[in-house]
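This report refers to the structure that appears directly beneath it.
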Amino acid sequence: MNAAPAEVWTHPVATDPVMGSIGFLNEVMGRYPDAISFAPGAPAPRFIDAFDHERHIRRYLDHLTHERGMSDVAARRSLYEYGPSRGLISDLIASALARDHRIEVPPRAVVVTVGAQEAIFLALRALADTGDHIAVAHPCFPGVLGAARMLGLTVVPIDVTGSGPDLRLLDDACGRAESAGVRLRVCYAAPDYANPSGIRMPLSARRDLLGLAHERGFVVLEDNAYGFTVDDADEFPPLKALDERTSVVHVGTFAKIGVPGLRVGFAVADQPVRGGELLGDHLAALKSMVTVNTSPLAQAVVGGLLLQHGVSLRALGREKGAFYRRNLRLLLAELDARMPRAPGTSWEHPAGGFFVRVKLPVAADAALLERSAGDFGVLWTPMSGFHLDAEGDRVMRLSCSYLDDEQIRSGVARLAALVREVA
Ligand SMILES: Cc1ncc(COP(=O)(O)O)c(C=O)c1O
């Protein structure tokens, strides 16, 4: 009766280091609950605490009954039943994208997903076959690297310059794929304050990327998770708004602009595909075999949130964007004022997004993170999981989003003490 449980075989991808990167950080944070954490790219607790999902659901139900003419019973039922794989609020998201960004697509092209992560996964599955190449602006959000690995795609890192992915390298990568008898199908990029590089692509670089996509026949997977932190006044159009030849699949999320626990994101996929359908139809078909549909209750919350803000993502993100820009300025000012300028130590000055990368003269690895948490009470994200080479080994990422002013000040003082000791 005491026989040892038999080990089962698992796919090697399950133990790929990139799969462990999020779990590892959560585990460390769990062990040091009192440490000041620059690790999570998550909304500030003040926005989470103020979030009133019941109010948003009521607003959405009012919309269904008053503007869509549904009965009270049918409206309530639609929140508790399965619902279409494409989602319930595609029309609201399509209206918001048209109003805010001049992204004009039919609601059918918008698929509501379980976070941006599912949208990325579905888009990669639909657009690339096992063995195909996908390019990523490098360093890259690990969610993309992990999804590509799960799908058996070959990831080609394209180093970023100050204006986004280096197009010469990207062009070479397309040529190399062709010579190897495969296709480079997709290029992943986040033009508005990428995670982790904080780079924002200028307008000309956006147009050049779209030109190359057309020439070489790949799809640009545009991730707009942090676009709302751009100041309205100096916004550039998203790639999807400049996309005259349906070269772009645009991915968004309500995790940062709303709350992450809702797990609601979306893909905008208006590309024609076989049989007179749109890519959005194919993404919805794939989704029906992964998560079936995105929780209708969570979609109702997001629907109400959008309606409360005049069906505008920009209005929804305005106050939050300003808050995070202010946090980022404070974090940068504190780094500039307090961090020792030891040889090999440097940090960047992004104008938006959540993140600042700090380069150290020593390895920014799990051992240093343990020491940082245990001896100095401060946490951060090691960058090796974002890199496909050794370039990230001495880099830590600091997020400005989760902390208040006092925590940012003391957190940087603690980091400075750590760097003084190790540098
Ligand atoms: C660049 C980027 N894209 C996508 C995501 C995933 O978003 P979601 O929580 O909606 O799956 C994140 C989350 O941190 C991110 O940083």
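Counting begins at 1 with the first residue of the sequence. We count ligands from 1, going down the list as the structure has it; atoms in each ligand are counted the same way. Values reported hereafter were calculated over all heavy atoms of this structure, with side chains retained and with hydrogens, waters and symmetry mates removed.
- Each of the following atoms of ligand 1 lies closer than 4.0 Å to a heavy atom of Asp223: 1 (C), 2 (C), 3 (N), 4 (C).
- Within a 6.0 Å sphere centred on CD of Glu391, other residues, nucleotides and ligands contribute 12 heavy atoms or fewer.
- In summary, the side chains of His387 and Asp393 do not present any donor paired with an acceptor at a separation below 3.5 Å, with no hydrogens or angles considered.
- Here the heavy atom of the protein found nearest to atom 5 (C) of ligand 1 is Phe141 CZ, 3.4 Å.
- Each of the atoms 9 (O), 10 (O) of ligand 1 lies under 4.0 Å from some heavy atom of Ala255.
- Looking at Tyr226 against ligand 1, only its side chain comes within 4.0 Å, counting heavy atoms.
- In terms of polar-atom proximity, Ala116 is counted as a contact of ligand 1, with an N or O under 3.5 Å from an N or O of the ligand.
- Of the possible donor and acceptor atoms, none in the side chain of Lys287 sits under 3.5 Å from a partner among the backbone N and O of Ala119.
- Within the structure, the closest approach of Phe354 to ligand 1 does not fall below 4.0 Å when heavy atoms are considered.
- Numbered from 1 in the order shown, with element, the atoms of ligand 1 that lie under 4.0 Å from a heavy atom of Gln117 read 11 (O).
- Cation-pi contact between Lys320 and Phe228: absent, since separation from the ring centre below 6.0 Å together with deviation from the ring axis within 45° is not met.
- Proximity of Glu118 to ligand 1, defined as any heavy-atom pair under 4.0 Å, is not found for any part of the residue.
- Contact check for Cys400 versus Leu330: no side-chain heavy atoms found under the 4.5 Å cut-off.
- Annotation: Phe38 is not in aromatic contact with Tyr402 [ring centroid separation under 6.0 Å not met].
- For Ser401 (side chain) and Pro43 (main-chain N/O), no donor-acceptor pair under 3.5 Å exists by modelled atom type.
- Of all protein heavy atoms, the one closest to atom 14 (O) of ligand 1 is Lys256 NZ, 2.7 Å.
- In terms of polar-atom proximity, defined here as any N/O pair under 3.5 Å, Arg263 does make such a contact with ligand 1.
- The ligand atoms of ligand 1 that sit less than 4.0 angstrom from a heavy atom of Thr253 are 8 (P), 10 (O).
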